[in-house]
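Presented below is the structure to which this report refers.
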Amino acid sequence: MLTLKQIRENPEEVVERLRIKNFDAAGTLASILKLDEERRQLQTSADQKQAELNKRSKEIGALFREKKVDEANRAREEMSRLKEEIKGLHARLHEAEQELEALLVTLPNLPHPSVPPGKGEEDNVEVRRGGSLPELEEDALPHWELGKKYGLIDFETGNKLTGAGFPLFTGLGARLVRALISFFLDEAVAAGYREVLPPLMVNEDSAFATGQLPDKEGQMYKLEADPFYLIPTAEVPVTNIYRNVILDEEQLPVRNTAYTPCFRREAGSYGKDVRGLNRVHQFDKVEIVEIDHPDRSYQTLERMVAHVENLVKKLELPYRIVQLCGGDLSFTSALTYDFEVFAAAQRKWLEVSSVSNFESFQANRLKLRFREKGSKHTRLAHTLNGSALALPRIIAALLENNQSSEGIRIPPALVPYTGFEMIR
RNA sequence: GGAGAAAUGGCAGAGUGGUCGAAUGCGACGGUCUUGAAAACCGUUGUCCGCCUACCGGCGGACCGGGGGUUCGAAUCCCUCUUUCUCCGCCA
C-alpha cells in the first residue's frame with residue numbers, strides 16, 4: 001500500500017497519478033487525511049497522559065519504599081481516573097487507525113510516469129517484438145488437438161479428476177513439462193538467482209503483504225479447515241520470505257527464483273479464450289523475484305525483462321513485449337511488461353510472462369526495509385518479480401508452431417532436458 | 001496424538017512486580033595507540049509511532065514469540081495462541 005507520507009506530502013499528485021489507472025482517489029484521500037490528523041492528535045494526548053501515569057507510578061513505588069503507605073494509597077486512587085481517560089483515548093486511537101488502514105488498502109499503487117493512459121488491453125503499447133512467425137500448413141492443429149493426437153494432454157481425465165481447467169499431462173507431455181521446469185530453473189540459476197522451493201499454501205498475513213488480500217480474495221483457492229490459501233503464484237511465498245526483515249544495503253539486490261504450481265480460480269472468465277491450455281486453474285511456473293534499492297529498481301526491471309526475453313529466444317518462439325497501460329496495470333504494480341508468444345495455429349498472442357516493479361507498494365505491507373550504508377535510518381526496499389516462465393501457453397505455442405507432418409519438433413535448447421528431439 | 005520444558009537485543013545469555021529498553025560476554029562500527037595490522041583501552045551499537053527542529057538531534061509513547069487480562073506500575077503474575085526442544089505413541 002501507499003505510505004501515509006506519500007499521501008500527506010503530495011495528495012494532489014497521488015490523485016492525479018491514480019487517474020492514469022482510472023481510479024478516482026479524491027474522496028478516499030480526503031478521508032485519509034482527516035483520519036490521519038485525528039489519529040495524530042489522539043496519539044499526542046494519549047502519550048501525554050501515559051507519560052504522566054508512568055511518572056506517578058514511579059513516585060508511588062518510591063513512596064512504598066519509604067514506607068509512606070497512606071500517601072501511596074491516596075495517589076493510587078487518583079490514578080484510576082487517569083487510567084480511564086487513557087483507555088478511552090486508546091480505544092478511539094485504534095478505531096481511527098483501523099479506519100485509516102481500511103481506506104489505505106483500497107488505494108492501488110501509483111503508476112510509473114511512463115505508463116501510458118488507457119482503458120484495457122487494447123491500449124497497451126508494444127515495446128518490441130522478436131522471432132519470426134512460422135508458416136503452417138492449412139490443416140495445422142491447435143494445441144488441444146495436438147495434445148490428444150500425440151497423447152500429451154488429457155483434458156477429459158483432468159476434468160474427471162478435479163474439474164475443468166485441471167489438465168492431466170501424460171507421457172511425453174508430462175516429460176515436456178518437467179523439461180521446461182528444469183530448463184527455466186537452470187537458466188535462472190545461471191543468471192544469478194538463488195533457487196528456493198516454498199510452501200504451496202500461505203497464511204493470511206502473507207497473502208495480504210503481497211497484495212492478494214483483500215483485493216483478489218475471490219481469485220484464490222481458500223482452504224476450509226485452515227486459514228490458508230493455495231498460492232496463485234510463487235511471488236507470494238518468495239516475496240514473503242522478507243516480510244518484517246531489515247536488510248543491509250550490501251545485501252541488495254536479493255534475487256530468488258522458484259518453481260511452483262500456481263492455483264487460480266479465474267472467476268469470471270469464460271468463452272473461447274479458455275480453450276485448452278489458454279487458461280487453466282492449475283499450472284506450473286518458474287518465477288523470478290528481486291528486492292533492490294529504490295535508485296536501481298528500474299535497471300533491475302530491464303535486466304529481468306532481458307532474462308525473460310532470452311528464454312523465449314532460446315525456445316525460438318515469436319514474441320512481443322508490451323508495456324501495460326494504466327487501465328490494464330494490476331492493483332499493486334507501478335510498471336509492467338507483458339511477454340506474449342504467438343500460437344500459430346490459433347493465430348493468437350498468448351501472455352506468458354508479466355514482469356513488474358512494485359516499487360515500495362508491497363514492501364510497505366511487508367515491512368521490508370534496508371539500512372543505507374552509514375545511515376541510521378531504514379528505507380522501504382523495492383520489490384519486483386516476473387514469470388520466467390509460465391508453462392501452459394509456452395507449451396501451447398511450442399506444440400502449435402513446431403508441428404509438421406513429421407511430428408512436433410523440440411527446440412534444440414530444450415533437447416538436453418527432454419531427451420528427445422521430436423514428438424511423433 | 002500424549003507428557004514435560006522453553007521462547008529476552010545481530011548472536012550467546014542474565015533478569016521472576018517498581019529508577020529495566022533491559023546486566024554481562026561475543027560480534028559489528030567509530031576512536032586512541034601502530035609504518036600497517038593484531039592486542040589493549042575508550043565510546044557507539046534495535047524498531048515503530050507522535051511532538052519539536054533548517055540540520056545534528058531532543059523529548060514523549062509503544063515493543064522482551066503473537067493476542068488478551070490483572071495492577072498505580074508487568075520482561076516478570078494470569079488466560080490464550082504459535083513455535084522450538086526432550087520423552088512416549090503413530091506414520092510416508
Side-chain angles (χ1 to χ4, degrees), chain A residues 1-9 32-105 197-209 213 223 225-229 237 240-252 254 291 360 362-381:
Chain A
M1 58 190 171
L2 301 178
T3 61
L4 270 171
K5 197 163 172 258
Q6 281 174 296
I7 293 171
R8 217 186 280 151
E9 286 173 0
I32 285 175
L33 290 171
K34 192 163 149 267
L35 275 166
D36 181 44
E37 184 64 34
E38 191 186 328
R39 174 192 132 256
R40 285 189 287 163
Q41 279 173 10
L42 283 167
Q43 173 156 1
T44 301
S45 27
D47 282 358
Q48 280 167 357
K49 293 218 189 305
Q50 185 69 52
E52 192 188 336
L53 183 78
N54 290 348
K55 194 174 121 236
R56 297 294 304 274
S57 291
K58 279 182 184 169
E59 287 168 8
I60 291 171
L63 288 174
F64 274 119
R65 242 171 289 116
E66 292 162 23
K67 303 273 192 264
K68 296 178 182 166
V69 178
D70 288 348
E71 212 175 316
N73 281 331
R74 236 175 298 132
R76 265 165 66 175
E77 279 163 35
E78 288 169 26
M79 287 302 96
S80 64
R81 202 200 71 238
L82 193 55
K83 262 184 81 176
E84 282 308 307
E85 284 178 37
I86 292 171
K87 218 171 152 185
L89 284 169
H90 273 135
R92 283 167 60 200
L93 182 62
H94 287 139
E95 212 174 296
E97 280 170 349
Q98 284 187 348
E99 281 176 46
L100 194 57
E101 166 97 1
L103 288 176
L104 275 173
V105 299
L197 187 63
L200 303 182
M201 297 178 206
V202 292
N203 58 30
E204 289 177 6
D205 286 346
S206 293
F208 173 79
L213 289 181
L223 268 63
D226 294 291
F228 299 151
Y229 295 86
N240 270 282
I241 295 171
Y242 301 92
R243 173 149 51 86
N244 284 321
V245 166
I246 300 174
L247 298 162
D248 288 326
E249 186 175 359
E250 300 89 79
Q251 292 176 266
L252 300 175
V254 171
I291 299 163
S360 62
Q362 289 182 329
N364 189 29
R365 289 196 188 188
L366 288 157
K367 296 191 175 31
L368 162 55
R369 292 153 289 173
F370 70 99
R371 199 186 309 279
E372 276 184 304
K373 218 174 170 178
S375 167
K376 293 190 87 131
H377 299 289
T378 60
R379 283 179 72 181
L380 291 174

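Residue numbers start from 1 in every chain, and the chains themselves are labelled A, B, ... in the order their sequence lines are given, proteins ahead of strands.
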For [X] and [N], give me the distance from atom [atom1] to atom [atom2], rounded to whole Å.
| X | N | atom1 | atom2 | answer |
| --- | --- | --- | --- | --- |
| A/Gln43 | B/rC51 | CD | P | 8 Å |
| A/Asn244 | B/rG46 | CG | P | 19 Å |
| A/Gln50 | B/rC59 | CD | C1' | 16 Å |
| A/Arg76 | B/rG17 | CZ | P | 17 Å |
| A/Ile60 | B/rU19 | CD1 | C1' | 15 Å |
| A/Lys5 | B/rC49 | NZ | P | 10 Å |
| A/Leu4 | B/rC48 | CG | C1' | 13 Å |
| A/His377 | B/rG46 | NE2 | P | 12 Å |

Quick one about A/Thr44 and A/Asp47 (side-chain donor to acceptor, distance below 3.5 Å, no hydrogens or angles considered), yes or no?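 The criterion, which ignores hydrogens and geometry beyond distance, is not satisfied for A/Thr44 and A/Asp47.
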
Presence of salt bridge, [Y] and [X], under 4.0 angstrom:
| X | Y | value |
| --- | --- | --- |
| A/Arg56 | A/Glu59 | yes |
| A/Glu85 | A/Arg81 | yes |
| A/Asp36 | A/Arg40 | yes |

Upstream residue (5' side of RNA chain B) when A/Phe64 and A/Glu77 are each assigned their closest nucleotide: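 Of the two residues, A/Phe64 wins.
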
Identify, between A/Met79 and A/Gly61, the residue whose nearest nucleotide on RNA chain B lies closer to the 5' end.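 Its nearest nucleotide being more 5', the pick is A/Gly61.
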
A quick test of your reading: do over 12 heavy atoms of other residues, nucleotides or ligands sit less than 6.0 Å from CE of A/Met1?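 Yes, enclosed.
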
Can you tell me if [X] touches the phosphate of [N], counting only side-chain N or O atoms and a distance under 4.0 Å to OP1 or OP2?
| X | N | result |
| --- | --- | --- |
| A/Arg39 | B/rG50 | yes |
| A/Arg369 | B/rU47 | no |
| A/Thr44 | B/rC52 | no |
| A/Asn54 | B/rG18 | no |
| A/Arg371 | B/rU45 | no |

Does A/Asp47 contact B/rG61 through a side-chain donor or acceptor facing the base, at a distance under 3.5 Å?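 Under the 3.5 Å cut-off, the side chain and the base do not form any donor-acceptor pair.
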
Base paired to [N] (Watson-Crick or G-U; both N/O distances under 3.5 angstrom):
| N | value |
| --- | --- |
| B/rA75 | none |
| B/rC59 | B/rG50 |
| B/rU24 | B/rA12 |
| B/rC85 | B/rG4 |
| B/rA92 | none |
| B/rU70 | none |
| B/rU19 | none |
| B/rC41 | B/rG31 |

Have a look at [X] and say if it touches a base, only the backbone sugar-phosphate, or nothing, with a 4.0 Å heavy-atom cut-off.
| X | result |
| --- | --- |
| A/Ala51 | sugar-phosphate |
| A/Arg56 | nothing |
| A/Arg8 | sugar-phosphate |

For the pair A/Ser57 and A/Asn54, evaluate side chain to side chain donor-acceptor pair (under 3.5 Å) and give the outcome as yes or no after the intermediate values. CA-CA 5 Å; A/Ser57 291; A/Asn54 290 348; 5.5 Å; no

Would you measure the distance from the [atom1] atom in [N] across to the matching atom in [M] and give it in whole Å?
| N | M | atom1 | answer |
| --- | --- | --- | --- |
| B/rU19 | B/rA74 | C1' | 16 Å |
| B/rG27 | B/rA12 | C1' | 10 Å |
| B/rU16 | B/rC77 | C1' | 9 Å |
| B/rG31 | B/rU24 | C1' | 23 Å |
| B/rA62 | B/rA5 | C1' | 31 Å |
| B/rC64 | B/rG57 | P | 27 Å |
| B/rC33 | B/rC42 | C1' | 11 Å |
| B/rG58 | B/rC72 | C1' | 29 Å |

Do [X] and [Y] make a side-chain contact, defined as non-hydrogen atoms from C-beta onward lying under 4.5 Å apart?
| X | Y | value |
| --- | --- | --- |
| A/Leu104 | A/Ile7 | yes |
| A/Leu63 | A/Asn73 | no |
| A/His90 | A/Ile86 | yes |

Among B/rU47, B/rC72, B/rG50, which nucleotide sits nearest the side chain of A/Ile246?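 Minimum distance to the A/Ile246 side chain belongs to B/rU47.
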
Of the listed nucleotides B/rG60, B/rG50, B/rG18, the one nearest the side chain of A/Arg40: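 For A/Arg40, the side-chain atoms sit closest to B/rG50.
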
Looking only at heavy atoms, which two atoms of A/Asp205 and A/Asn240 are closest? And how far apart?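 Smallest interatomic distance, heavy atoms only, reads O-OD1, 4.3 Å.
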
Which of residues 80-94 of chain A have a heavy atom under 4.0 Å from RNA chain B?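 Going residue by residue through residues 80-94 of chain A, the ones with a heavy atom under 4.0 Å of RNA chain B turn out to be A/Lys83.
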
